[in-house]
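Written out below as structure tokens is the structure these notes cover.
Reckoned from all heavy atoms, side chains included, excluding hydrogens, waters and symmetry mates.
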Amino acid sequence: MTRLAPLNWTALASLVLATTGCASAPLERAGSLKNYDHLAEANGLVTRAQIKANRKELLEAKTIRIEPTAFPPRADVGLDEGERKLVANVINREMCLRLSERFRIVSSGEEADLTVKATVTHATATNATASAASQAASIAKSVALPGVPVPVPRLPVGLGTLTVEAEARDFAGFQKAAMVWARGATSVSTARMANDGDAYDLASEFGADFARLVSTGESPFGGLPSLPTVASVPAKLGGAPKYAACEQYGRFPGLKGFVGAGLGLPPDWTDKGADEARPAPPTQPSPEVASMEQQSSR
């Protein structure tokens with residue numbers, strides 16, 4: 001029998017676990033989109049989605065504006081205001097990063113070819129106790145079986161979910177792309193010891209998927225995972241974003257974020273979101289305006 005390399009065993013184990021231990025997220029239409037006409041099923045391996053896109057007009061667009069993601073409170077969503085705020089910010093920050101690879105991002109108040117807006121319609125809180133037990137099992141495996149490249153699955157209880165819908169509209173308000181997206185954490189997802197642990201990580205996945213739909217006009221599912229370009233890596237590691245408009249969402253937590261995720265720390269221990277946003281540099285007035293201001297002050 002042909003022996004598989006350790007890396008192949010790891011990939012095979014991860015695939016099996018991801019498809020067998022997965023929380024089910026409701027694919028809800030909450031009414032935040034301009035319309036839901038002609039949405040088509042476009043499911044991924046662990047994602048359920050409905051999408052549509054006017055590829056020709058999306059590819060003609062050059063500038064884009066990102067409106068703040070909405071995450072209103074719901075009685076059946078066990079996340080508090082701060083947790084909802086952080087999850088919504090992750091969506092905006094990830095979209096800003098990914099859309100920067102294809103578009104020029106403009107700030108609110110500026111004209112743009114496209115405007116995107118997302119709304120979180122449902123989320124299931126993570127069971128922090130179960131996540132802590134999963135982290136303990138993973139650490140125990142690392143001590144007992146060092147070097148064995150087989151992931152330790154999370155306990156199949158208390159896995160979080162996220163459901164989001166979003167659209168891209170042109171300057172006249174006509175819908176050019178839309179997505180209703182639902183995904184649950186899997187047995188190989190990061191086990192964070194916080195209510196918003198899974199929703200936080202899933203928010204980043206949604207931001208990447210929707211940005212890919214708007215940037216290409218094609219389904220983000222069915223192919224290879226969407227990874228940031230080489231030019232986006234510095235921002236992903238905590239550096240300055242390509243466009244100043246993205247600063248309003250704060251910078252990625254970078255290395256401390258990766259370490260925190262590996263330890264299962266709550267997201268807000270390493271990511272302060274928009275609370276750490278840096279103000280955009282002041283716009284310099286044109287020479288004509290500056291001359292008029294000098295004359296009026298004399």
Between [X] and [Y]: side-chain donor-acceptor atoms closer than 3.5 Å:
| X | Y | answer |
| --- | --- | --- |
| Thr115 | Arg169 | no |
| Ser204 | Glu94 | yes |
| Lys52 | Asn35 | yes |
| Thr126 | Asp198 | yes |

Check this for me: does any side-chain nitrogen of one of [X] and [Y] sit under 4.0 Å from a carboxylate oxygen of the other?
| X | Y | answer |
| --- | --- | --- |
| Glu101 | Lys236 | no |
| Lys34 | Glu167 | no |
| Glu83 | Lys85 | no |
| Asp271 | Arg93 | yes |
| Glu60 | Lys176 | no |

**Request:** Provide the closest heavy-atom pair for Leu59 versus Ser215 in the form atom of the first, atom of the second, distance.
**Result:**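 Residues Leu59 and Ser215, closest heavy atoms: CD2-O, 3.6 Å.
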**Request:** Output the distance between atom CG (Leu97) and atom OH (Tyr249), rounded to the nearest 0.5 Å.
**Result:**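 It is 12.5 Å, given to the nearest 0.5 Å.
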Would you say [X]'s side chain and [Y]'s backbone share a donor-acceptor pair under 3.5 angstrom?
| X | Y | value |
| --- | --- | --- |
| Thr63 | Asp113 | yes |
| Asp170 | Gln175 | no |
| Tyr200 | Ala194 | no |
| Thr270 | Gly260 | no |
| Asn54 | Glu57 | yes |

**Request:** Might you work through the salt bridge (Lys or Arg N to Asp or Glu O under 4.0 Å) test for Arg74 and Glu28, ending with a clear yes or no?
**Result:** CA-CA 14 Å; Arg74 283 179 44 160; Glu28 298 182 347; 3.1 Å; yes
**Prompt:** Among Glu218, Met179, His38, which residue meets the side chain to side chain contact (heavy atoms under 4.5 Å, CB included) test with Ile51?
**Reply:**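 The option that passes is Met179.
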**Item:** Of Thr121, Leu213, Thr47, the residue whose pairing with Trp181 passes side chain to side chain contact (heavy atoms under 4.5 Å, CB included)
**Value:**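 Checked Thr121, Leu213, Thr47 against Trp181; only one passes side chain to side chain contact (heavy atoms under 4.5 Å, CB included): Thr47.
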**Request:** Using a 4.5 Å cut-off on heavy atoms from C-beta on, say whether the side chain of Val90 contacts that of Asp201.
**Result:**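 No; the side chains remain at least 4.5 Å from each other.
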**Message:** When you measure from the centre of the six-membered ring of Tyr243, is the NZ or CZ of Arg104 closer than 6.0 Å and no more than 45° off the axis?
**Reply:**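 The answer is no; the distance or angle limit is not met.
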